[in-house]
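Labels below follow one simple rule: chain letters A, B, ... track the order of the sequence lines, proteins then strands, and each chain is numbered from 1.
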Amino acid sequence: MGDADPAARLDTFPRLLARNVADFGARPAYREKEFGIWQSWTWAEAGTEIRAFARGLIGLGLAVGDHVAIVGTNRPHLYWAMASAQAAGAIPVPVYQDSVADEIAYVLDHCDARFAVVEDQEQVDKLLEIQDRLPRLERIIYLDPRGLRRYDHARLHRYAAVADAGRDDAHAAELTARSAALGGADTCVMLYTSGTTGRPKGVVLSHDNIILTARAAAEVDALRPTDSILAYLPMAWVGDFIFSMGQAYWVGFCVCCPESEATMQQDLREIGPSYFFAPPRFFEGLLTSVTIRMEDAAPVKQALYRRAMALAGRVGGALLDGAPVGLRDRLRYRLGEALVFAPLKNALGLSRVRVAYTAGEAIGPELFGFYRAIGINLKQLYGQTEASVFITQQADGDVRVDTVGPPTPGVELRIAESGEVFYRSPGVFVEYYKNPDSTAATKDAEGWVATGDAGFLEDGTGHLRIIDRAKDVGKLASGALFAPKYVENKLKFYPNILEAVVFGADRRMCCAFVNIDLNAVGNWAERNNIAYASYQELAAHPRVYAMIQEHVEAVNADLAQDETLSGCQVHRFLILHKELDPDDGELTRTRKVRRRIIEQKYADLIDALYDGSGTIATETEVTYEDGRKGSIRATLEIRDAKVGASGTRMAAE
Amino acid sequence: MSVAPQSGPAPAQAPAEVLMEMRDITLRFGGVVAIRGISFDIRAGEIRAIIGPNGAGKSSMLNVINGFYHPQEGEVWFRGQRRKPMKPHQIAHQGIARTFQNIALFKGMSTLDNIMTGRFTRMRAPWWQQAVWAGPAEREEVANRAFVEHIIDFLEIQAIRKTPVGRLPYGLQKRVELGRALAAEPKLLLLDEPMAGMNVEEKEDMSRFILDVNDEFGTTIALIEHDMGVVMDISDRVVVMDYGAKIGDGTPDEVRSNPQVIDAYLGVAHD
């Protein structure tokens, strides 16, 4: 940028902020819906707020190199708090806001946080509850004062008061010096990976890691300062950091924060972001709600929808890819756009989406195809916290459902003999904080990082295909290949199935736990006059069992076609009486199945699956949102599913 | 915990000013005596609970407090003045708002509109201006809407702002009703069984909101509630009624150890 100062390279967040204030000062940087109205702040205003809060932090004694925990939902002020911490030479550590106190205690203790910036009373209460275990935590700064007035304010501070204290020039010189001293190699942020096993690890990412990765990925999609995103995914997740901080700062686009978690869908419609990320689960939920509403629509509308979708399924994806499509179909698609697709996209809040990504789990071909068919440029990427997200991503016109795309520019890929995918990139993390053993086990001397996923590069296209978690891929007792995630994904592509866990490593056959999707199945139940009082009751209903059995058998039939995976057919299954939940440790905070924990916790159910019993009585401990524990008792039915003929024969039970 | 939050009863201070005083209230419906000779006071800024078994006369007492019933005997003193019988619109304007045991919302209207109705007594512009949204009426509407939005934010019901209340689950309707009462900026807020029919989680939420209302807005609150645990947790002082008479009055601890109360309401120990 045409700055006179040669030292003003754009290699740190404070420098990027200064650039944005100078170049896009009057453009909106943040929006947040509050009191029913979208409030907005320009880059210039955001810069002022960030500097004020940073000076306030210095005034409270924040030292260079301190860790500042950030706990809350996506709010502009919390994003500013991260930027303020960086400007003052400290390191922001966003923490999952729905973590129970125990998990927060571990993270804050591990990073020796002296300061915590939190959203509201709920988070303050959590921190006060665990303060005895956090002797180093000195100051808690809260955003929303509600309910906190009578608290002891010896160590509690209100965000606005800290920022106001920083509005004079008291620490201005100190702040400038601290920001100037930062370089690209300094730590930008520390993110704790939820980890499917063991304690979370603190991933240290430098300014270079984040900025170079954000830049490379932004260039693939030609992101512009006029773009906008909706920041609704947890701030502690690396994806939100790269989109809402990294790319927003690099490109200068606007970050919009929803009013509350529950209003996200409504806010999405109002904002109409042009750049959007969501996990497959979100797109699935959206499609389920569309399907449910279409089933309730008048026959004429239903017929119109069906015809339009049939056309879209045939040519929509091709149009998006710029592939040749006949004039007749083009015109018909135009008509469909006017009558069906445009209103539908508007209802979903995706009208203005130019670039949309999904990642984290495999996405069903029908699901993926649906969004592309109606003209939403949905693409896949593959990434990890340790890579500052981007490892591979699909460019426009090169989108496929069965791969996660070619490497992002700057990323090198290597497939080990075991099939595990390794990568090396400018985004590769510095280290795991205070954990050299894990660092050494994950990253080798040349900078190659193990992903833990098994996959292969496709000849010719260079696209990466992921099969499964490397450590989950195993063998059945018969020696046949066992890839649980592959089967689980196939099951989960059915809207009625929310989650599935398949067992079978070193056993004679595969069996599965199934979680029903309360929305989809509940709606189906209503439609079919099936009465139920609770999740548990619905899950145990014979007709629900029959429906799930159909799905399982359909998946089996599909698997039977595949020579290598035919051994993975599900012989017996049961429907769990509770939803798998991160609070119970069964899923990670990003909702990935924690296999080992489930195997321990439900050992009795697994035994029952394999010993041939027809029912099993069980008692399960559950953790409520406030951390209290209770238990639920249930008697579960176990069913046998038909399995296809090919492969090892052992069905016919 | 060294820095425990001081929720619950306020620390003992100099006795606060008395907001409302009931002196020897007796209320009859024909030959039935609903309330007999009850006296108690409500101090500014406190949470005052009225408890008692079914038919003890609690709801009648609430109706006396807000002026809907006029007792045959006794005096009601509110904000330093003895209260005379009132017309309904006078009742509405005196600064007492309430919620009802069996939710009384406009089912077909949205949450937002329901709470806006709570601002009705605050509107000054003439009706013909309100009808065309002109001049002062528009400014007034905007100011009222802003006030209501703060309540929506406070009660965390943003997601149902535009939802007709008839479609909401019971717990949320209760919250909307509280919102409407708050919109009137009452001096005294009456809650008739705010937790009735709620599950544990909803009760916890509602308790938190009641404490926060009391704390943030300094609103004096009088409530009737069956859930003893909730009453003892959130109230500063408790009046206990049985068969229309007062059998106990004091802090939750005092009431809990009052033998008469234990016999009449909490029941004699079974084992």
Side-chain angles (χ1 to χ4, degrees), chain A residues 32-39 73 75 101 119-135 137-140 142-156 232 257-270 533-534 624-628 630, chain B residues 1-11 13 45 47 110-113 115-116 141-163 168-169 172 175 179 182 199-205 207-218 234 236:
Chain A
E32 182 191 24
K33 195 172 183 187
E34 207 179 13
F35 306 127
I37 297 172
W38 285 96
Q39 325 273 341
T73 54
R75 308 277 299 271
E119 188 179 8
D120 55 13
Q121 186 186 18
E122 183 186 342
Q123 310 297 349
V124 171
D125 283 347
K126 270 195 231 170
L127 291 187
L128 291 180
E129 187 189 324
I130 53 176
Q131 63 181 347
D132 294 345
R133 289 149 65 188
L134 301 171
L137 184 64
E138 285 171 30
R139 312 245 175 224
I140 301 173
Y142 59 85
L143 199 51
D144 184 350
R146 198 181 88 192
L148 288 168
R149 211 181 356 185
R150 287 200 215 164
Y151 283 40
D152 177 353
H153 271 63
R155 294 158 56 190
L156 275 179
Y232 69 101
C257 299
E259 191 168 19
S260 74
E261 236 170 286
T263 61
M264 182 264 166
Q265 209 97 62
Q266 179 69 28
D267 298 332
L268 179 66
R269 280 189 67 180
E270 290 173 2
S534 64
Y624 297 112
E625 263 178 29
D626 60 2
R628 282 181 311 176
Chain B
M1 270 184 287
S2 53
V3 197
Q6 306 171 333
S7 51
Q13 312 150 334
I47 298 182
S110 69
T111 297
L112 178 64
D113 288 340
I115 300 178
M116 281 297 274
E141 177 91 4
V142 169
N144 283 327
R145 171 72 188 269
F147 189 88
V148 167
E149 284 292 345
H150 276 88
I151 292 175
I152 289 176
D153 183 66
F154 185 86
L155 295 175
E156 292 167 7
I157 46 178
Q158 299 99 331
I160 55 163
R161 189 185 277 125
K162 301 273 171 72
T163 314
L168 297 175
L172 278 179
R175 223 189 277 183
L182 286 178
N199 63 31
V200 176
E201 203 176 327
E202 288 171 331
K203 278 182 186 171
E204 280 177 356
D205 282 350
S207 303
R208 173 58 58 202
F209 287 126
I210 292 172
L211 288 170
D212 283 352
V213 166
N214 179 248
D215 191 35
E216 291 287 299
F217 304 130
I234 68 175
D236 296 315

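When side chains are defined from C-beta on, B/Glu156 counts as touching A/Arg146, because their heavy atoms get closer than 4.5 Å.
No part of A/Gln265 comes within reach of chain B, as not one of its non-hydrogen atoms sits under 4.5 angstrom from that chain. The part of A/Pro145 that comes within reach of chain B is its backbone (N, CA, C, O), which places non-hydrogen atoms under 4.5 angstrom from that chain. For B/Asp215, the parts lying under 4.5 angstrom from a heavy atom of chain A are both the backbone and the side chain. For B/Phe209, the part sitting under 4.5 Å from any heavy atom of chain A is the side chain, from C-beta outward, and nothing else.
Scanning both residues, B/Gln158 and A/Thr263, for their nearest heavy atoms gives C-CG2, 3.7 Å. When all heavy atoms of B/Val200 and A/Arg628 are compared, the pair lying nearest together is CG1-NH2, 4.1 Å. Here the closest heavy-atom approach between residue A/Phe35 and residue B/Arg161 is recorded as C-NH2, 4.2 Å.
For the atom pair CD1 (B/Ile152) and OG (A/Ser260), the distance works out to 11.5 Å, reported to the nearest 0.5 Å.
Within a 6.0 Å sphere centred on CD of A/Glu261, other residues, nucleotides and ligands contribute 12 heavy atoms or fewer. More than 12 heavy atoms of other shown residues, nucleotides or ligands fall within 6.0 angstrom of atom CD in B/Glu216.
Of all the listed residues (A/Gln121, A/Lys33, A/Glu34), the one sharing the greatest number of non-hydrogen pairs under 4.5 Å with chain B is A/Gln121.
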